[in-house]
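Heads up, the thing below is written out as structure tokens.
Please read these numbers as outputs of a predicted model, since none were measured by experiment.
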Amino acid sequence: MRKASLIAILFWGGALLITGCASTSTMNDEGSSSGLVFEREIEPFTITDSLGEAYRLPFQGGFNVPRPQFADLDNDGDQDMFVQEESGRVIHLENTGTAAEARYTWRSSAWKGLDTGEWYRIVDFDQDGDMDVLTEERFSYIRFYRNDGTLEEPNFVAAVDTLLDATGTPIFADRQNIPHIVDIDCDGLLDLFIGRVTGTITRYESVGDDENGVPRFRFVTDRWEDIEIVGENVSLHGANTMNFADVDQDGDLDLFWGDFFEAGILLIRNLGSCASPSLRSEPVSWPMNDPVATSGYNAPVLLDVDADDDLDMVFGVLGGAFNANSTTRDNFYLMRQDDEGDFHAETMRYIYDLDVGSESVIKFWDMDDDGDLDMILGNKIEPSNQRTSLMFAFENIGSATAPEFVYHETIDLIKTYHQNPAIADIDADGDLDFLIGKWNKEMALWRNEGSASEYAFTEVEDVYQALTRGQNAAPALVDLDNDGDLDLVAGEASGSLNYWVNQGTAQDPDYLLVSDTWLDIDIGRRSFPTFADLDGDGDQDMVVGSELDGLYFWENVGTPEAFEFAERGTLDVDTQAIASPEFADIDGDGDLDLFIGGISGGIMFFRNTSN
């Protein structure tokens, strides 16, 4: 329930080169005259990591559970990339380079508007020469999108919501498993393989099309080749992925298997032939020269990434039984095959974007007092040190109008999760302090005992303020009554807002809780408030990030001294789950640009192009 449509309250004193492209969004104003227009950009300026390497796709948004596939869907002779990170939609990265040297350009975060459920497969399903798409039909069935376009311009139309077998029965496919479609026995008919959580494989074989041109399949067996995958050292079955490829170049298809309870990837060799396959060999850890080990549940794709006539592998780590928090950042592998046939991990960040792990927050501050904005990123849990979360500071070595960021340092002040800093001059001494929200209901105050140009933080109070209930404190410091001191608003896990008025002074704040259900706002879950003068009328407007519904906008239609918030719906910008917004004039053009953190650990950037 979203309340406070119009509420008036008065308060008293007190090897890839990746480029970006853009999409345009406008505000859902519902009566607002702000006229804001935001344009998404993926690579607006250079950001360099701690080793001096530039992020090639800095504002793609991060990956926690990448499920990659490749297909030449523009018929230009090279493989384009498709990645499912979220349920229901697929990211499209066009290869604008060559088959031997990929150059990826972001095209869409919701490719063709297809609802892909929990998985998708790009395959010529009706065998008419162009690629179709199979996806999960909620819940645990199979939807078929037929390509009614051309080789150069595909157009996908939902041909059937649920595939049926030869008896007319819907085919059940566990939604946590990623099936595969291939002609395993070289008879010209596609076979459908569905992994089961029991570790077995169900096989269906095509028997031709129905009257609408939709392929029908005959059930063959629930224990294909008597395969039963049991997790490494745990004797358990689990969610799984599979892929087929002729990795040993003997003319038949071998099986690759990723399992929730398997830290690596299993290879089951085909010891038969193309016409008479036999996959009854013992599963072996892959690659045999140096088996990979991740947190488990790996989704492999085999292709020739460099056009050297052998297969390489790209796989995403979905996170299984071996501590998924450890792979929220390093989870997109390229395994390249050498001349001897061995595979080696070339990178764990095949798409190298700005990614701090999971549930990212972003803030801007002039940390060195040089007149431009520097950047700080926080995460939920640090993958390399899971006893805490961390904050990462990037210095702007460019200018206020042409930023360029380089990694400066990791800020590790307190051992806690979900560190979410509000950065402001809390004691009015001319430098910036930190009020850090934690995973629980507490907020810690760290005062800058250094200077505006060289910070040095000292803890003042571990529990400076606290929520009355709940957890995931998300503080924002703002002068809501224009009395010269900072008031405090904090979001929380429940989706409500908390408001404290500063009844002290700018130098010596004294916070009085006014309401822990401020303005009766309830956005569902995980509220992230931020304040900015978005309409240029001299008072503070409010935007609140949410877990599932994007960014809610409340316009301040009152005055700087007596705020009056009117709900204006949601901003029409793309977001991830657990969206945490931040506004900053990053290009010095006089308007506020938008940055959004989210569940995948990356950042999305939207330039304000209203003027």
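Atom CG in N331 sits 10.0 Å away from atom OG in S326 (nearest 0.5 Å). Residue R526 holds its CZ atom at 11.0 Å from CG of L548, rounded to the nearest 0.5 Å. With rounding to the nearest 0.5 angstrom, the OG1 atom of T517 is 9.5 Å from the CG atom of D522. With values rounded to the nearest 0.5 angstrom, W554 atom CH2 is found 7.0 Å from L497 atom CG. The distance from atom CG of D589 to atom CG of D585, rounded to the nearest 0.5 Å, is 5.0 Å. Atom-to-atom distance recorded for I376:CD1 and I423:CD1 is 5.0 Å, nearest 0.5 angstrom.
Between L551 and the choices T530, I596, T570, D572, the side-chain contact (heavy atoms from CB on, under 4.5 Å) rule is met once, by I596. When each of L477, D485, L488 is paired with I426, the side-chain contact (heavy atoms from CB on, under 4.5 Å) condition holds for L477 and for no other.
Considering only residues two or more places apart in sequence or on other chains, F70 meets the ring-ring contact (aromatic ring centres under 6.0 Å, His included) condition with none of them. With sequence neighbours excluded, the residues forming a side chain to side chain donor-acceptor pair (under 3.5 Å) with D587 are R607, listed by chain and number. Taking the side chain to side chain donor-acceptor pair (under 3.5 Å) definition, one finds that E382 meets it with R329, N379, S384, sequence neighbours left out. Remark: D510 pairs with Q503 by the side chain to side chain donor-acceptor pair (under 3.5 Å) rule, at least two apart or across chains. Qualifying side chain to side chain contact (heavy atoms under 4.5 Å, CB included) partners for R67, counting only residues two or more places apart in sequence or in other chains: V65, Q84, E118, I178, L318. Every residue two or more places apart in sequence or in another chain that forms a side chain to side chain contact (heavy atoms under 4.5 Å, CB included) with N608 is listed here: L36, F38, D591, D593, S610. Looking at residues two or more places apart in sequence or on another chain, you find no side chain to side chain donor-acceptor pair (under 3.5 Å) involving E395. Here E454 pairs with S451 under the side chain to side chain contact (heavy atoms under 4.5 Å, CB included) rule; sequence neighbours left out. With sequence neighbours excluded, the residues satisfying side chain to side chain contact (heavy atoms under 4.5 Å, CB included) with K380 are S358, E359, H418. F315 is linked by a ring-ring contact (aromatic ring centres under 6.0 Å, His included) to Y333, counting only residues two or more places apart in sequence or in another chain.
The shortest distance between side-chain heavy atoms of D541 and V543 does not fall below 4.5 Å. Between L592 and L534, some side-chain heavy-atom pair lies under the 4.5 Å cut-off. Side-chain contact check for F528 versus I578: some heavy-atom pair is nearer than 4.5 Å. A 4.5 Å side-chain heavy-atom check between R89 and W111 finds every atom pair outside the cut-off. Residues L445 and M443 are not in side-chain contact: their nearest non-hydrogen atoms beyond the backbone lie 4.5 Å or more apart. Counting heavy atoms from C-beta on, the side chains of M375 and I362 come closer than 4.5 Å. For the pair Y552/I521, no side-chain contact is recorded, criterion being any heavy-atom separation below 4.5 Å from C-beta on. At a threshold of 4.5 Å between non-hydrogen side-chain atoms, the residues T416 and I436 do not count as touching.
The ring-ring contact (aromatic ring centres under 6.0 Å, His included) analysis of residues 363-389, with sequence neighbours excluded, yields the pairs F364-F595, W365-F434, W365-Y455. Listed by first and then second residue, the side-chain hydrogen bond (donor to acceptor under 3.5 Å, both in side chains) pairs that reach into residues 423-435 are D427-R447, sequence neighbours excluded.
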Check: Please walk me through it: do L377 and S360 pass side chain to side chain contact (heavy atoms under 4.5 Å, CB included)?
Finding: CA-CA 7 Å; L377 306 178; S360 53; 5.9 Å; no
Notebook entry, point to check: Please walk me through it: do D462 and K438 pass salt bridge (Lys or Arg N to Asp or Glu O under 4.0 Å)?
Noted result: CA-CA 10 Å; D462 184 51; K438 307 177 188 180; 2.7 Å; yes
Next item on the list: Just do the side chain to side chain contact (heavy atoms under 4.5 Å, CB included) check on M542 and F563 with the steps written out, would you?
Entry: CA-CA 11 Å; M542 179 172 63; F563 60 79; over 6 Å; no
Next item on the list: Applying ring-ring contact (aromatic ring centres under 6.0 Å, His included), run through H92 and F82 and close with a yes or a no.
Entry: CA-CA 5 Å; H92 175 206; F82 303 84; 4.9 Å; yes
Next item on the list: Would you sort out whether K363 and N420 count as a side chain to side chain contact (heavy atoms under 4.5 Å, CB included), showing the intermediate values?
Entry: CA-CA 9 Å; K363 307 291 180 180; N420 189 342; 3.5 Å; yes
Item checked: Full working for salt bridge (Lys or Arg N to Asp or Glu O under 4.0 Å) between R525 and E547 -> CA-CA 6 Å; R525 282 189 59 80; E547 181 176 55; 3.7 Å; yes
Check: What's the verdict on side chain to side chain contact (heavy atoms under 4.5 Å, CB included) for D355 and R349, showing C-alpha distance, side-chain angles and the deciding distance?
Finding: CA-CA 10 Å; D355 190 335; R349 302 276 300 273; 3.6 Å; yes
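Contact detail for A393 and I411: the closest heavy-atom pair is CB-CD1, 4.2 Å. Taking every heavy atom of both residues into account, A474 and P529 meet most closely at O-CD, 3.5 Å. Minimum interatomic distance between A452 and G430 (heavy atoms only, all atoms of both residues): CB-O, 3.5 Å.
Taking the six-membered ring for Trp and thresholds of 30 and 60 degrees, F332 and Y350 have ring planes inclined between 30 and 60 degrees apart. Relative ring orientation between Y511 and Y464 is described as perpendicular, the plane-to-plane angle rising above 60° on a 0-90° scale split at 30° and 60°. Ring geometry for Y499 versus W518: interplanar angle under 30°, hence parallel rather than tilted (30 to 60°).
Proximity of a side-chain donor or acceptor of N95 to a complementary backbone N or O of R103 within less than 3.5 Å is detected. In terms of modelled atom types and a separation under 3.5 Å, the side chain of N325 and the main chain of P383 share no donor-acceptor contact. With hydrogens and angles ignored, the 3.5 Å screen pairs no side-chain donor or acceptor of S546 with any backbone N or O of G495.
Looking only at atom types and distance, the side chain of Q465 has no donor-acceptor partner in the side chain of N498 under 3.5 Å away. Checked by atom type, the side-chain pair E492/S494 shows a donor-acceptor distance below 3.5 Å. If you check the side chains of E85 and S600, you find a donor sitting under 3.5 Å from an acceptor. E561 and N482 form a side-chain donor-acceptor contact under 3.5 Å, judged by distance and modelled atom types alone. Between the side chains of T327 and T294, not a single donor N or O lies within less than 3.5 Å of an accepting N or O.
Proximity of the aromatic rings of F605 and F45 is defined here by a centroid distance below 6.0 angstrom, and this criterion is met.
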